4 protein chains.
Amino acid sequence: MSEGEGRRGRGRPRDERLDERILGATRELIDEVGYHQVTMEAIAARAQVGKASLYRRWPTKAAVITDAFATELVAPSAPDTGSVGEDALRFLRDLRQTLTLLGGPSVVAGAVAERGEAGQAELREILRSWSGPGAELLRRGIGRDELAASTPVDVVVDGWAGYLLYRVVFARVVPSDDELRALVSLLPTT
Amino acid sequence: MSEGEGRRGRGRPRDERLDERILGATRELIDEVGYHQVTMEAIAARAQVGKASLYRRWPTKAAVITDAFATELVAPSAPDTGSVGEDALRFLRDLRQTLTLLGGPSVVAGAVAERGEAGQAELREILRSWSGPGAELLRRGIGRDELAASTPVDVVVDGWAGYLLYRVVFARVVPSDDELRALVSLLPTT
Amino acid sequence: MSEGEGRRGRGRPRDERLDERILGATRELIDEVGYHQVTMEAIAARAQVGKASLYRRWPTKAAVITDAFATELVAPSAPDTGSVGEDALRFLRDLRQTLTLLGGPSVVAGAVAERGEAGQAELREILRSWSGPGAELLRRGIGRDELAASTPVDVVVDGWAGYLLYRVVFARVVPSDDELRALVSLLPTT
Amino acid sequence: MSEGEGRRGRGRPRDERLDERILGATRELIDEVGYHQVTMEAIAARAQVGKASLYRRWPTKAAVITDAFATELVAPSAPDTGSVGEDALRFLRDLRQTLTLLGGPSVVAGAVAERGEAGQAELREILRSWSGPGAELLRRGIGRDELAASTPVDVVVDGWAGYLLYRVVFARVVPSDDELRALVSLLPTT
DNA sequence: AATTAACCGAGACGGTACGTCACGTCTTTAA
DNA sequence: TTAAAGACGTGACGTACCGTCTCGGTTAATT
């Protein structure tokens with residue numbers, strides 16, 4: 001017995017449903033007024049929740065907002081069609097959609113701007129979850145001799161992420177399929 | 001002849017020296033305390049300027065800060081060494097330095113996050129000034145038959161800018177010369 | 001039954017001690033720098049209170065200041081020595097002291113000048129509290145046949161109040177006991 | 001002798017018409033928005049005058065406003081009907097009208113509240129101009145043996161002024177003719 | 001006639017205080 | 001102990017006036 005979900009505490013247990021009510025309200029508000037107009041007080045009011053319940057769960061506004069979207073940002077999968085070009089295209093489309101869903105520069109850039117050094121770690125974790133599958137499909141391509149063994153995998157993957165970030169978040173022009181294909185065409189195929 | 005510097009308004013003209021005093025104070029403060037600790041009141045105090053003089057010139061804090069850096073961000077030149085690989089490397093080093101000088105994610109990301117749709121145009125203008133010289137050197141390379149005629153110039157340039165943005169601003173790891181060279185190695189040389 | 005001190009709201013109740021801390025700080029500041037130098041920010045700082053707590057209680061600066069003194073202006077008592085002349089003299093001395101304590105024209109006149117129509121009602125209430133005891137002692141004098149039954153009680157009392165207001169607040173010369181006695185001598189004794 | 005309207009100076013002479021334009025605009029604004037809403041900038045705008053022209057003529061806002069009304073407040077005359085009671089009644093009616101015209105507490109009280117010690121002298125001068133004629137008619141009454149020789153003239157006159165000030169400015173209820181008559185009836189007629 | 005100097009309207013200048021808003025914390029009653 | 005409500009101290013916001021200071025331009029009296 002025992003085992004460690006442990007300490008149920010003595011008082012009233014936390015209402016787990018509040019978490020999603022809060023994050024939902026946060027997402028709604030960001031959609032409506034943009035990252036920087038969102039206030040903790042508005043979130044609390046919208047979610048019909050006391051401010052204390054908010055701060056009991058997240059230490060700061062940026063944390064709430066990051067979480068509100070982190071749960072939406074599924075890591076892109078690493079497709080395996082047998083062709084590295086096709087895999088890459090699918091991967092880039094997934095990433096493009098994820099970034100587009102974030103609703104413009106507000107969320108990503110806002111989160112970057114506002115979080116202290118501590119919060120940066122969490123953000124980097126998300127970024128890494130994007131990079132992993134990309135690297136994986138490239139290495140599979142190298143294994144199949146589709147790509148040169150010297151392919152700088154990390155640089156390519158970061159270039160992909162950077163390209164999409166730059167286009168979608170900063171320049172605010174979502175790249176077309178043709179542009180994604182052009183990006184793929186730069187791969188050093190054998 | 002003549003041409004129109006035209007009739008200045010009737011009241012006391014604005015003191016042009018204040019503009020630079022304000023932007024200088026803004027740059028100092030960002031260096032010292034970071035984007036989000038900067039306040040309009042601190043800027044005014046540091047520049048020895050009334051708050052009204054600030055708001056007479058810029059409508060919002062983000063506008064001041066963007067301007068403070070827009071004036072510093074010189075468009076990177078398009079070097080012409082005769083070798084597209086060498087040109088590209090020099091260009092990327094310039095761009096890397098510019099972004100690094102911006103002092104981390106705070107400034108760029110903060111500016112993106114905070115500005116309304118109107119201000120985005122200005123930012124895009126800055127981004128375009130980065131792209132121009134990069135495209136130029138690539139086209140020269142194509143002209144010299146160093147690069148394939150099919151090279152997707154815009155995609156390459158945006159990929160470069162995005163890569164550096166992603167690494168410097170978001171991941172906060174400044175790329176090494178080797179990494180820049182790896183990026184250059186992806187160019188479709190003939 | 002019961003009757004309604006009623007349901008206090010659900011949130012944290014207002015800290016009643018702050019009220020007096022604020023009013024005390026206000027009185028100190030008026031004494032030190034005068035009505036028009038007093039600022040809400042100075043009051044808040046002196047009282048160790050947030051500005052919001054001030055504005056939660058009073059809508060405007062004039063309201064705070066009026067209240068600061070309203071609580072000090074005790075209604076003059078209606079002395080009962082058996083002689084209406086003696087009663088009147090004591091009453092006038094009390095009133096003279098109260099007005100003198102207000103520290104010159106600043107407070108009363110300032111409060112009058114600044115408050116909107118709403119606040120005027122409150123001021124009139126204070127004025128009425130001055131008039132009541134004066135009328136009372138005059139009526140006792142009529143009852144004892146010291147004064148003519150036709151004495152215009154209200155006019156006399158308002159004349160007294162006006163005389164003191166005029167002398168102390170506007171002309172800024174505090175009336176002597178002899179002058180008060182001269183005022184009393186005008187009463188239509190039988 | 002000559003005597004000194006003197007020194008016409010060399011530059012452009014002041015435009016005398018501006019004085020009345022400014023004072024007129026001031027009176028209009030006080031009527032419209034009340035003493036404390038009046039700003040120097042609004043006066044200048046309304047009078048179509050530069051702020052410098054305002055400050056060239058009056059050192060402070062209170063000075064402008066006081067002047068704006070000082071020119072309207074004609075000193076009450078000392079009527080001479082042969083009956084001190086009738087004289088007093090007419091005098092009080094004049095005074096009542098003057099005070100009523102001032103438009104409520106704003107002007108008088110505001111002027112009192114705001115002026116420094118220096119400006120108080122000017123106000124007292126106005127008050128004295130009210131008292132003079134009142135004292136005069138009382139002394140004539142004493143001379144005609146209508147009033148007791150012991151009548152405390154100054155106290156009576158100040159009581160009248162105070163009564164009207166109190167009623168019109170502070171209590172904001174203009175006294176009726178009957179009330180004025182009751183005031184007169186308190187005179188120690190022989 | 002040319003010069004000089006004070007005037008004019010306009011409006012920018014450095015300040016100061018305003019009243020509002022959001023932060024993150026604390027304090028109440030109720031479950 | 002958690003919940004909702006909402007008061008708390010703090011501090012920045014953007015606005016409004018203050019009284020002063022330039023501007024370009026006008027209007028006499030003096031050279």
Side-chain angles (χ1 to χ4, degrees), chain A residues 8-16 18 36-45 47-61, chain B residues 7-18 36-45 47-57 59-61, chain C residues 7-16 18 36-45 47-61, chain D residues 8-15 18 37-45 47-61:
Chain A
R8 248 192 309 1
R10 277 225 304 220
R12 173 176 175 174
R14 276 200 195 166
D15 186 341
E16 311 259 350
L18 293 192
H36 263 84
Q37 321 294 1
V38 174
T39 67
M40 290 299 249
E41 294 186 337
I43 294 173
Q48 290 261 79
V49 145
K51 274 165 66 179
S53 294
L54 249 148
Y55 283 103
R56 214 173 278 125
R57 288 164 168 80
W58 295 274
T60 169
K61 181 168 80 161
Chain B
R7 45 175 324 296
R8 281 183 274 89
R10 278 221 302 227
R12 174 177 178 173
R14 291 208 184 152
D15 187 340
E16 312 259 350
R17 298 186 313 259
L18 293 193
H36 264 83
Q37 322 294 359
V38 175
T39 67
M40 290 298 249
E41 294 185 337
I43 293 173
Q48 293 260 75
V49 145
K51 271 166 68 177
S53 293
L54 251 126
Y55 284 106
R56 217 174 274 126
R57 289 165 166 78
T60 167
K61 182 168 77 162
Chain C
R7 44 175 324 294
R8 280 184 275 88
R10 278 221 303 227
R12 174 177 178 174
R14 291 211 181 148
D15 187 339
E16 313 259 349
L18 293 193
H36 264 83
Q37 322 294 0
V38 174
T39 67
M40 290 299 250
E41 294 185 336
I43 293 173
Q48 295 259 74
V49 145
K51 271 166 67 177
S53 293
L54 250 122
Y55 284 103
R56 217 174 274 125
R57 289 166 166 79
W58 295 275
T60 169
K61 182 169 79 162
Chain D
R8 243 181 325 354
R10 270 230 304 217
R12 171 178 178 174
R14 282 203 190 161
D15 186 340
L18 293 191
Q37 320 293 0
V38 175
T39 67
M40 289 300 249
E41 295 188 335
I43 293 173
Q48 290 260 78
V49 144
K51 274 165 68 178
S53 294
L54 250 148
Y55 283 105
R56 217 173 277 125
R57 289 164 167 78
W58 294 274
T60 169
K61 181 168 80 161

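Letters go in sequence order (proteins before strands), and every chain restarts at 1. In what follows, every heavy atom counts, from backbone to side chain, and hydrogens, waters and symmetry copies are set aside. None of these values were measured; they are calculated from a predicted model.
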Handout entry: Residue whose closest nucleotide on DNA chain F lies nearer the 5' end, C/R57 versus D/A42
Key = C/R57
Practice task
Kindly say if D/R10 contacts the phosphate of E/dA5, meaning a side-chain N or O under 4.0 Å from OP1 or OP2.
Solution key: yes
Exercise for the section: Would you mind telling me which residue lines up with the more 5' stretch of DNA chain E, B/A44 or C/Y55, judged by nearest nucleotide? Expected result: B/A44
Problem - Under 4.0 angstrom between C/R56 side-chain N/O and F/dC8 OP1 or OP2 - result: yes
Completion exercise
Taking every heavy atom of B/A44 against every heavy atom of B/G50, the minimum-distance pair comes out as CB-C, 4.4 Å
Completion exercise
Heavy-atom closest pair (C/V49 atom, C/S53 atom, distance to 0.1 Å) is CG1-CB, 3.8 Å
Exercise for the section: Consider the side chain of D/M40, meaning its heavy atoms from C-beta on, and name the nucleotide among F/dC8, E/dG9, F/dG19 that approaches it most closely. Expected result: F/dG19
Completion exercise
By nearest-nucleotide position on DNA chain F, the 5'-leaning member of C/K51 and A/Q48 is A/Q48
Exercise for the section: Check every atom of F/dA7, F/dC21, F/dT10 against the side chain of D/A52 and return the nucleotide holding the closest atom. Expected result: F/dC21
Exercise for the section: Kindly say if C/S53 contacts the phosphate of F/dA7, meaning a side-chain N or O under 4.0 Å from OP1 or OP2. Expected result: no
Handout entry: C/L18 side chain reached by C/R57 side chain, heavy atoms, under 4.5 Å
Key = yes
Handout entry: Phosphate contact (F/dA16 OP1 or OP2) by D/T39 side-chain N/O below 4.0 Å
Key = no
Handout entry: Listed nucleotide nearest any side-chain atom of B/D15, set F/dA3, E/dC13, E/dG24
Key = E/dC13
Exercise for the section: Can you figure out which of F/dG9, F/dA3, F/dG19 approaches the side chain of D/E41 most closely? Expected result: F/dG19
Practice task
Kindly indicate whether the side chain of A/K51, heavy atoms from C-beta on, has any atom under 4.5 Å from the side chain of A/M40.
Solution key: no
Practice task
Respond yes when some side-chain nitrogen or oxygen of B/R12 is under 4.0 Å from OP1 or OP2 of F/dT22, and no when none is.
Solution key: yes
